[in-house]
Amino acid sequence: NNIQLDSIPKLTPEEVSKHSTKDDLWVVINGQVYDLTTFLPKHPGGQKILLKYAGKDATKIFVPIHPPNALDVYLSEDAKLGPLVGEFEEIPEEITPEEIERLDRIDRKPSLSNVLNIHDFEYVARQILTPNALAYYTSAADDEVTLRENHNAYHRIFFNPKVLVDVSKVDLSTKFLGVPTSAPFYVSATALAKLGHEDGEISIARGTSKENITQMISTLASCSFDEIVDGSFIDGKQGSQWYQLYINTDRNLTETQIKHAEERGMNGLFITVDAPSLGHRERDMKMKFEAELDVDLNADDLETNQGASKALSSFIDPSVVWKDIEHIRTLTKLPIVIKGVQRKEDVLLAIQHGAQGVVLSNHGGRQLDFSKAPIEVLAEVMPLLREKQLDSKIEVYLDGGIRRGTDILKALCLGAKGVGLGRAFLYANSAYGENGVRKAIQLLKDELEMDMRLLGVTRIQDLDESFVDVSALKDRTVIVAPDYLYKGNYESLDHIQFRE
Ligand SMILES: Cc1cc2c(cc1C)[n+](S(=O)(=O)[O-])c1c(=O)[nH]c(=O)nc-1n2C[C@H](O)[C@H](O)[C@H](O)COP(=O)(O)O
């Protein structure tokens, strides 16, 4: 045995570094040595990134992108070679001047008490996020027209406020899929929250749970599903959460995910259908998510440059159709909501195929550019559902471009059950963690309460179309020549100030 034991190479850094080619590829993650040779062509993130770290320690790049259980999900037992013996010599990373400035801005970050609105969170986050995180969070498809239209469309809707109404007590509470919520908005599923904050989706879970707001957990979350669910327990009570599903080409894996989501107490299953493949997000792609790669692979091995999005989406099944929704209904008792619906006819199909809800969404402009703003689709959907007496048959949510209480209020007046915010909470979490998430929720609640009071309505269920004027909503004329005198006098609000 001694002779046998002696002949097994010790898993030292020197030994690991000998296995650094695509035909013999070892990598160290969290102190464990893995043989990724057979996994290399299957890696959703492409080959380049693995080859970049062949024979090296990849822990730093692995942790912000993958949930901890990713290695168990993707790797066979024989790929796990055992613990590293010894340590790699730390090679000090060269710190660029831009990185020094970024770290300085983090030190001078405004105090949370000075944050007044969602735009402030975005402004601070943009100053302190790493280039990769910023590119991934902010990016949208092609020319990012839909990204901007999502928010701009709200500017084409005005209010018809009522006066002399007793508005002393305003109640923001409502129910989503039969479950009470303290306000008619939720945190929408976004991936890779750990790129912006080390607690990732867990601090979002804690913040939403403490504020009694629902969190939608992404299939692509950077924390494991179970740790996000566990993170939502406050004093033993689980927060309200939904599971957002990308249907996997491996349908058995999808079935396992659905059953596990039900076991862990999800209040809804949101099936995202607007991303048969993730969109063409050039900001993200420019970052070449594997950025500083200097792997000299020959062209035929190389996938085209893919940002995080493309890298993450290779498992999404592009062949999903309405009958798959019927099949999924047989697998779970969870309410099923179709996320990413963009035309009124598909809302009727969602009802026909037994969905309890839809989210009118274009993925925050990250999918098909020139998709209409969901608020505009909502204004088409609700009259049709009322005409067919189907408005009580389905809950209609929407997301995209929501940044103010007035945006939420306009959607509710037009018949939305509730609205989702994606980037707003990524920015709040990235800049200030759990407390940032809580502050963002409180700011939106305060704005919404104030807006309802000034609109002359005190309960969510009393909101209706009479409170909004949508006559300009479809009017996408070229902007009328601005009145420069007025425009020149108008001073835009200042961004939040960084401390000296
Ligand atoms: C900003 C962002 C959005 C993502 C998102 C990641 C980011 C960084 N990702 S993505 O990795 O596939 O693109 C998801 C996701 O995991 N699943 C999903 O259903 N929607 C995803 N969305 C869309 C999100 O759920 C909302 O539809 C969208 O963010 C709403 O627009 P706002 O950002 O303007 O609120």
Side-chain angles (χ1 to χ4, degrees), residues 149-150 153-162 165 170-181 183-186 214 268 270-271 273-274 322 325-326 329 335-362 371-402 405-420 448 451-452 455-476:
E149 172 61 7
N150 280 351
Y154 284 95
H155 295 176
R156 301 197 295 267
I157 301 173
F158 285 80
F159 288 116
N160 305 315
K162 264 186 190 167
V165 174
V170 173
D171 176 7
L172 299 183
S173 68
T174 183
K175 283 188 176 174
F176 287 164
L177 304 171
V179 176
T181 173
F185 59 85
Y186 59 87
T214 298
F270 282 60
I271 303 174
V273 296
D274 59 4
W322 285 105
I325 304 299
E326 305 235 4
R329 276 189 51 228
I336 291 175
V337 179
I338 312 293
K339 176 174 184 284
V341 170
Q342 301 171 66
R343 58 189 294 160
K344 55 185 182 300
E345 295 81 359
D346 279 352
V347 178
L348 300 178
L349 283 171
I351 296 171
Q352 210 179 300
H353 292 276
Q356 280 74 26
V358 292
V359 183
L360 303 179
S361 173
N362 52 45
S371 303
K372 279 190 285 200
I375 189 72
E376 189 178 335
V377 179
L378 179 72
E380 297 166 6
V381 163
M382 295 317 291
L384 177 69
L385 292 185
R386 279 193 282 271
E387 178 201 313
K388 294 180 175 293
Q389 292 169 347
L390 292 172
D391 48 325
S392 60
K393 294 270 183 267
I394 196 158
E395 294 191 0
V396 179
Y397 298 87
L398 73 81
D399 68 25
I402 304 260
T406 50
D407 300 333
I408 301 172
L409 196 48
K410 290 171 187 174
L412 297 174
C413 289
L414 286 174
K417 184 71 178 159
V419 304
L448 186 55
D451 299 337
M452 282 180 68
L455 189 66
V457 184
T458 57
R459 299 183 312 165
I460 299 292
Q461 57 266 45
D462 297 335
L463 292 167
D464 63 34
E465 290 192 338
S466 74
F467 289 99
V468 284
D469 175 348
V470 294
S471 54
L473 184 51
K474 286 223 171 278
D475 185 355
R476 276 189 277 267

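The closest side-chain heavy-atom distance from Lys339 to Val273 is not below 4.5 Å. By the 4.5 Å heavy-atom criterion applied to side chains, Phe159 and Val468 are counted as neighbours. Side-chain contact between Leu360 and Val381: present, with at least one pair of heavy atoms (C-beta onward) separated by less than 4.5 Å. Between Lys393 and Lys388 the shortest side-chain heavy-atom distance does not fall below 4.5 Å. At least one side-chain heavy atom of Arg329 sits under 4.5 Å from a side-chain heavy atom of Ile336.
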>> Test side-chain contact (heavy atoms from CB on, under 4.5 Å) on Leu455 and Leu463; report intermediate values, then the result.
In response: CA-CA 9 Å; Leu455 189 66; Leu463 292 167; 3.9 Å; yes
>> The test is side-chain contact (heavy atoms from CB on, under 4.5 Å); show your working for Tyr186 and Val359 and say whether it passes.
In response: CA-CA 12 Å; Tyr186 59 87; Val359 183; 3.6 Å; yes
>> For a salt bridge (charged side-chain N to carboxylate O under 4.0 Å, His left out) check, start with the C-alpha distance between Glu149 and Arg476, then their side-chain angles and the critical distance, and finish with the verdict.
In response: CA-CA 10 Å; Glu149 172 61 7; Arg476 276 189 277 267; 3.8 Å; yes
>> Apply side-chain contact (heavy atoms from CB on, under 4.5 Å) to residues Phe467 and Leu409 and explain how you reach the verdict.
In response: CA-CA 10 Å; Phe467 289 99; Leu409 196 48; over 6 Å; no
> Can you check side-chain contact (heavy atoms from CB on, under 4.5 Å) on Ile460 and Asp171, steps first, answer last?
Replying inline: CA-CA 7 Å; Ile460 299 292; Asp171 176 7; over 6 Å; no
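Across every non-hydrogen atom of Leu378 and Ala411, the tightest pair is CD2-O, 3.4 Å. Ile157 and Lys410 get closest at one heavy-atom pair: O-NZ, 3.0 Å. Residue Met382 comes nearest to Val396 through the heavy atom pair SD-CG2, 3.9 Å, listed as atom of the first residue, atom of the second, then distance. Considering all non-hydrogen atoms of both residues, Tyr397 and Leu177 come closest at OH-N, 3.4 Å. Heavy-atom minimum distance, Ala350 versus Ile338: CB-CG1, 4.3 Å.
Note: Arg459 CZ to Met452 CE = 9.5 Å, rounded to the nearest 0.5 Å. A distance of 10.5 Å separates OG1 in Thr458 from CG in Leu172, rounded to the nearest 0.5 Å. In this structure, CD in Gln342 is found 5.5 Å from CG in Asp274, a value given to the nearest 0.5 Å. Here Ile394 contributes atom CD1 and Leu390 contributes atom CG; the two are 9.0 Å apart, rounded to the nearest 0.5 Å. One distance of note links CG of Leu414 with CG of Leu398; it measures 9.0 Å at 0.5 Å rounding. Taking CD1 of Ile375 as the start and OH of Tyr154 as the end, the distance is 4.0 Å to the nearest 0.5 Å.
Under a cut-off of 6.0 angstrom, the local environment of CZ in Arg343 is sparse, with at most 12 non-hydrogen atoms contributed by other residues, nucleotides or ligands.
A salt bridge links Glu380 with Lys372; the closest basic N to acidic carboxylate O contact falls under 4.0 Å.
Within the 3.5 Å criterion, the main-chain N or O of His353 finds no donor-acceptor partner in the side chain of Glu326. Although no hydrogens or angles enter the test, the distance criterion places no donor-acceptor pair under 3.5 Å between the side chain of Gln389 and the main chain of Glu387. No donor-acceptor pair closer than 3.5 Å links the side chain of Gln356 to the backbone N or O of Pro335. Side-chain N or O atoms of Asp464 include none that pairs as donor or acceptor with a backbone N or O of Cys413 at under 3.5 Å.
Checked by atom type, the side-chain pair Asn362/Asn150 shows a donor-acceptor distance below 3.5 Å. Ser361 and Asp399 share a side-chain donor-acceptor pair at under 3.5 Å.
Contacts of Phe185 classified as ring pair (Phe, Tyr, Trp, His ring centres under 6.0 Å), with partners at least two apart in sequence or in another chain: none.
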